[in-house]
J.: 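Please find one structure pasted underneath; my questions will follow.
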Protein chains: 2
Amino acid sequence: MLSKKTKYGLKALTFIARSESDMPVQVSVIAKSEQIPQKFLEGILLTLRKSGILGSKKGKHGGYYLRSLPSEIKMTDVMRVLEGPIAMVPCVSLNYYEKCDDCPDEHKCSVHKLMIEVRDNTLKVFRNTTLADLSGV
Amino acid sequence: MLSKKTKYGLKALTFIARSESDMPVQVSVIAKSEQIPQKFLEGILLTLRKSGILGSKKGKHGGYYLRSLPSEIKMTDVMRVLEGPIAMVPCVSLNYYEKCDDCPDEHKCSVHKLMIEVRDNTLKVFRNTTLADLSGV
DNA sequence: GTAATCCCTACTAAATTGATAGGATTAATA
DNA sequence: TATTAATCCTATCAATTTAGTAGGGATTAC
């Protein structure tokens with residue numbers, strides 16, 4: 001299941017992408033419009049900023065803004081930041097690979113093969129989707 | 001992430017599919033060979049039996065067996081029994097649909113569209129894969 | 001009758017999730 | 001410069017889920 005964190009994060013990014021003005025968008029505005037607990041959202045936008053997807057401006061009239069064009073923000077990156085590994089098992093993860101304790105031989109593991117296929121198909125979707133597609137911008 | 005329950009379940013099914021003999025396969029044998037805690041595995045095989053994928057025989061020389069040919073046991077069914085909904089959000093689940101509290105209009109939701117695509121691609125994999133593919137039988 | 005096996009329920013520890021609380025820091029502006 | 005409005009940061013918490021354990025009941029082969 002998709003975590004609330006990811007869901008809220010995607011909605012927030014969409015909201016920012018759709019905002020017309022040049023001014024940064026404030027957390028309070030997004031929280032109110034998208035019905036997300038503000039303090040929770042603060043933390044989410046913070047991680048998106050630390051990952052380099054968002055930029056921020058502090059103090060009065062501060063807020064968050066995209067650091068690239070929506071069409072250049074890929075879902076692979078966003079999902080990895082918000083949700084973590086895309087693969088369903090660490091032993092088929094490209095970015096977070098880890099061997100299983102149980103499997104003596106990965107290449108003979110039936111689960112392994114299936115999960116590689118799932119990963120590749122999910123990856124295909126996320127690679128072909130950008131924030132522009134989500135936000136219609 | 002894939003739960004241990006699902007992983008163990010898939011390994012157990014594979015093991016049973018590969019077993020040559022006509023005799024039912026005992027939990028203890030699977031647990032030992034696949035390095036799965038036996039009591040935990042008992043519960044997993046029980047849910048697979050209740051769902052109709054496995055059959056069982058009680059008492060001495062009892063055990064579990066497949067109720068269909070491996071090539072007729074689809075991953076869609078297995079995954080739904082073991083892992084639950086295939087969709088990442090209830091609002092795009094075919095079998096467990098539920099409306100989101102937050103979304104006023106599903107069709108305008110950016111997350112919704114993305115998750116439908118992910119679901120369709122994952123579903124495609126699970127529909128095209130059977131236990132025969134996993135077990136090489 | 002006994003041993004082996006599945007069946008069932010209840011419990012528990014650890015991790016994760018979805019928040020909340022409280023304030024520190026920074027910047028605009030009156 | 002004082003005030004206000006923002007982001008930033010850390011700690012805490014309750015609820016849920018996960019992974020596993022415990023103990024015994026029911027059934028069957030021999």
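Naming convention: chains lettered A, B, ... in sequence-line order (proteins, then strands); numbering from 1 in each chain.
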J.: Would you indicate, yes or no, if C:dG18 has its OP1 or OP2 atom less than 4.0 angstrom from a side-chain nitrogen or oxygen of A:Tyr8?
T.: no
J.: Rounded to whole angstrom units, what separation is found between the OH atom of A:Tyr65 and the P atom of D:dT7?
T.: 12 Å
J.: Over how many whole Å does the gap from A:Leu41 atom CG to C:dT20 atom C1' extend?
T.: 14 Å
J.: Once you round it to whole Å, what is the distance between P of C:dT16 and CD of A:Glu83?
T.: 13 Å
J.: Rounded to whole angstroms, how far apart are NZ on A:Lys5 and P on C:dT17?
T.: 9 Å
J.: Nearest of C:dA19, C:dC6, D:dC8 to any side-chain atom of A:Pro37?
T.: C:dA19
J.: Name the residue closer to the 5' end of DNA chain C, choosing between A:Lys58 and A:Gln38 according to the nucleotide with the nearest heavy atom.
T.: A:Gln38
J.: Assign A:Lys7 to base, sugar-phosphate, or nothing according to its heavy-atom contacts below 4.0 angstrom with the strands shown.
T.: nothing
J.: Across the strands shown, which category fits A:Lys4 at heavy-atom distances under 4.0 angstrom: base, sugar-phosphate, nothing?
T.: sugar-phosphate
J.: From D:dT7, C:dG18, D:dA26, pick the nucleotide closest to the side chain of A:Ser3?
T.: C:dG18
J.: If you assign each of B:Thr6 and A:Val25 to its closest nucleotide in DNA chain D, which residue comes earlier from the 5' end?
T.: A:Val25
J.: Find the distance A:Ile44:CD1 to D:dC9:C1' and express it as a whole number of Å.
T.: 16 Å
J.: From the options C:dA28, D:dG20, D:dC8, select the nucleotide whose nearest atom is closest to the side chain of A:His61.
T.: C:dA28
J.: Contact class for B:Gly63 (heavy atom, under 4.0 Å): base, sugar-phosphate, or nothing?
T.: sugar-phosphate
J.: Report the distance from atom NZ of A:Lys57 to atom C1' of D:dA5, rounded to the nearest whole Å.
T.: 11 Å
J.: Reckon A:Lys60 touches a base, only the sugar-phosphate, or nothing at all at heavy-atom distances under 4.0 Å?
T.: base
J.: Between the base of C:dC7 and the side chain of B:Glu42, is there a donor and acceptor pair under 3.5 angstrom?
T.: yes
J.: Can you tell me if the side-chain N/O atoms of A:Arg49 get under 4.0 Å from OP1 or OP2 in D:dT7?
T.: no
J.: Using only side-chain N and O atoms of B:Ser56, determine if any of them is under 4.0 Å from OP1 or OP2 of C:dT5.
T.: no
J.: Just to confirm, is there a sub-4.0 Å distance from OP1 or OP2 of C:dC8 to any side-chain nitrogen or oxygen of B:Lys50?
T.: yes
J.: Hey, could you give me the CD1/CE distance between A:Ile86 and A:Met75, rounded to the nearest 0.5 Å?
T.: 11.0 Å
J.: Can you figure out which of D:dT21, D:dT28, C:dA21 approaches the side chain of A:Lys39 most closely?
T.: C:dA21
J.: State whether a side-chain donor-acceptor pair under 3.5 Å links B:Ser3 with B:Glu83.
T.: yes
J.: Would you say B:Tyr64 places a side-chain N or O within less than 4.0 Å of OP1 or OP2 belonging to C:dT5?
T.: no
J.: Find the distance between CZ (B:Phe126) and CG (A:Asn121) and round it off to the nearest 0.5 Å.
T.: 10.0 Å
J.: For A:Phe40 and D:dT12, what is the distance between atoms CZ and P respectively, to the nearest whole Å?
T.: 19 Å
J.: Under 3.5 Å, is there a donor-acceptor pair between the side chain of A:Lys50 and the main chain of A:Leu54?
T.: no
J.: Enter the distance from B:Arg80:CZ to B:Asn95:CG here, rounded to the nearest 0.5 Å.
T.: 4.0 Å
J.: Could you check A:Gln38 against A:Ser28 for side chain to side chain donor-acceptor pair (under 3.5 Å), going step by step and ending with a plain yes or no?
T.: CA-CA 6 Å; A:Gln38 177 163 343; A:Ser28 60; 4.9 Å; no
J.: Which whole-number value in Å describes the distance from A:Leu45 CG to D:dA6 C1'?
T.: 13 Å
